[in-house]
A.B. asks: 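First the structure, then my questions, so here it is.
We use all heavy atoms of the structure for the numbers below, so side chains are in, but hydrogens, waters and symmetry mates are not. Residue numbers start at 1 and run along the sequence shown.
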Amino acid sequence: MKRISIKSAFKCAQIDFIKWAFNSRMIVLAVLAVFIYACAVQPLTENSALMDKPLNILEPYIAALNSGSLLLIIPLGFLAVSSDYPKTDASAMFGLVRTGRANWFSGQIICLMMMSAAYLGFIFVASVLPAAYCSCWGTDWSEVALYFGLAFPEYSQNFGALLLPKNLFNHISLTDAAVQSTLFVFVYLVMLGMIMMCFTVLGKKTAGVVVCGGLITAGSALCSINTSLMWALPVANSIVWLHYTEFRREPFYPIWCSIVYFAIIIIFLIVLSLIRLKRFDCSANIPEGR
């Protein structure tokens, strides 16, 4: 365990991030963009055209990060493009030995945050650009989000009208919704990466991917039936509007509970990974990393 060097950690993170960004798996992002358009952008733009009012530019992005169907697809997409995280091939293990385990681990944490931020950046672009022609900038919810159901009662239960529920705009501002949604999905993706890291240093990398996939699908299933058990899994904790009822002023499940939930799990995974890292056999994990 060499002494931690910030320069070495960032260099390690930079190299692995570039490898990740130019991986052939990134073709998955094209499929993700189609789902975002079909499940978030198109329904909102159709309602905007029907009402002849512009959307706020951030509303398709907020809708994407709060959609039950997309909160199944988005983390699965991240899992697909990041399933080899942390990379444990021969060159990565050589870098681990040269930089030291502590620097390698620090670099992997930095790389994971860069990957999560870049992935969310893609979601932002994929949701904002297609709706730009019928959107405007501002800090307030659009009339489409607030009054579409009142203007067209017969369409009040269509898919686009339900993407931005009253649980969201009745309680928090558009800016807060965008910031909170981004932060919760970001830490959700970081948590998935830390699970894969933990299983990697345990020598069970494939099992880590399976566990992440199980958490995503089980969490989405519990959210769909709206049971209190859903708060035990990360999906519900990452969806902002689920914390509120339609009209009650205070959240029935406080936002700070979700913050503590993610913080405890991520810190636990980091500590567990660090403990196991001291006994991590680099050479033995090369075949598992392929």
Side-chain angles (χ1 to χ4, degrees), residues 35-74 120 123-188 220 223-224 226 230-231 234-259 262:
F35 275 108
I36 291 173
Y37 181 79
C39 296
V41 178
Q42 187 177 28
L44 287 176
T45 55
E46 288 177 350
N47 287 357
S48 173
L50 188 62
M51 198 172 178
D52 196 25
K53 297 287 185 180
L55 296 167
N56 186 288
I57 194 72
L58 292 176
E59 286 174 349
Y61 174 67
I62 295 170
L65 296 188
N66 284 274
S67 166
S69 55
L70 283 176
L71 255 295
L72 170 64
I73 297 167
I74 287 173
L120 276 171
I123 294 170
F124 178 82
V125 172
S127 56
V128 166
L129 281 186
Y133 72 95
C134 63
S135 302
C136 62
W137 290 97
T139 57
D140 297 321
W141 295 100
S142 69
E143 293 186 39
V144 179
L146 296 174
Y147 307 123
F148 179 81
L150 296 175
F152 300 94
E154 65 275 22
Y155 298 121
S156 62
Q157 296 301 307
N158 75 4
F159 192 73
L162 298 176
L163 281 172
L164 297 170
K166 294 178 182 178
N167 312 53
L168 201 59
F169 59 74
N170 274 351
H171 297 282
I172 57 177
S173 68
L174 179 133
T175 305
D176 287 343
V179 171
Q180 290 181 23
S181 299
T182 301
L183 289 177
F184 277 130
V185 176
F186 175 79
V187 294
Y188 180 18
S220 297
C223 287
S224 66
N226 197 21
M230 65 186 182
W231 299 108
V235 178
N237 287 277
S238 64
I239 301 177
V240 176
W241 70 265
L242 279 179
H243 293 72
Y244 298 92
T245 61
E246 286 190 11
F247 303 108
R248 185 180 175 186
R249 182 175 296 275
E250 296 296 326
F252 73 92
Y253 188 85
I255 293 291
W256 66 263
C257 290
S258 292
I259 295 173
F262 282 115

A.B. asks: Which heavy atom of P130 sits nearest to which heavy atom of V125, and what is that distance?
C.D. replies: CD-O, 3.8 Å
A.B. asks: Are the side chain of N237 and the backbone of W231 linked by a donor-acceptor contact shorter than 3.5 Å?
C.D. replies: yes
A.B. asks: Would one find more than 12 heavy atoms of other residues, nucleotides or ligands at under 6.0 Å from atom CZ of F35?
C.D. replies: no
A.B. asks: Please report the interatomic distance CG(N158) to CG(N47), rounded to the nearest 0.5 Å.
C.D. replies: 4.5 Å
A.B. asks: Any donor-acceptor pair under 3.5 Å linking the side chain of S48 with the backbone of L44?
C.D. replies: no
A.B. asks: So which heavy atom on C223 is nearest to which on V235, and how close?
C.D. replies: SG-CG1, 3.9 Å
A.B. asks: For a side chain to side chain contact (heavy atoms under 4.5 Å, CB included) check, start with the C-alpha distance between F169 and L174, then their side-chain angles and the critical distance, and finish with the verdict.
C.D. replies: CA-CA 7 Å; F169 59 74; L174 179 133; over 6 Å; no
A.B. asks: Measure the OH-CD1 distance between Y244 and I255 for me, rounded to the nearest 0.5 Å.
C.D. replies: 4.5 Å
A.B. asks: Could you list the residues that satisfy side chain to side chain donor-acceptor pair (under 3.5 Å) with S238, not counting sequence neighbours?
C.D. replies: none
A.B. asks: Identify the heavy atoms of H243 and A236 that sit nearest to each other, and give their distance.
C.D. replies: CE1-O, 3.8 Å
A.B. asks: On a heavy-atom basis, which atom in M51 and which in E143 lie closest, and how many Å separate them?
C.D. replies: CE-O, 3.5 Å
A.B. asks: Could you tell me if S181 and Y61 have a donor-acceptor pair between their side chains, going purely by distance under 3.5 Å?
C.D. replies: no
A.B. asks: What is the minimum heavy-atom distance between V41 and A126, and which atoms define it?
C.D. replies: CG2-O, 4.2 Å
A.B. asks: Kindly compute the distance separating OG (S220) from CG (L71), expressed to the nearest 0.5 Å.
C.D. replies: 7.0 Å
A.B. asks: Where do S173 and W141 come nearest, in terms of heavy atoms and distance?
C.D. replies: C-NE1, 3.7 Å
A.B. asks: Are any non-hydrogen side-chain atoms of F184 and V240 less than 4.5 angstrom apart?
C.D. replies: yes
A.B. asks: Once you round to the nearest 0.5 Å, how far does CG of L120 lie from CD1 of I74?
C.D. replies: 8.0 Å
A.B. asks: Mind checking what makes ring pair (Phe, Tyr, Trp, His ring centres under 6.0 Å) contact with F148, not counting sequence neighbours?
C.D. replies: F152
A.B. asks: Kindly write out the residues that satisfy side-chain contact (heavy atoms from CB on, under 4.5 Å) with S67, not counting sequence neighbours, or none if the list is empty.
C.D. replies: S69, L70, L163
A.B. asks: Between CG of L242 and OH of Y253, what distance do you get to the nearest 0.5 Å?
C.D. replies: 11.0 Å
A.B. asks: Among side-chain atoms of S142 and N56, is any donor-acceptor pair under 3.5 angstrom?
C.D. replies: no
A.B. asks: Q180 and side-chain contact (heavy atoms from CB on, under 4.5 Å): which single residue from L168, I62, I172, N66 fits?
C.D. replies: I172
A.B. asks: Drop me the distance from L65's CG to W241's CH2, to the nearest 0.5 angstrom.
C.D. replies: 14.0 Å
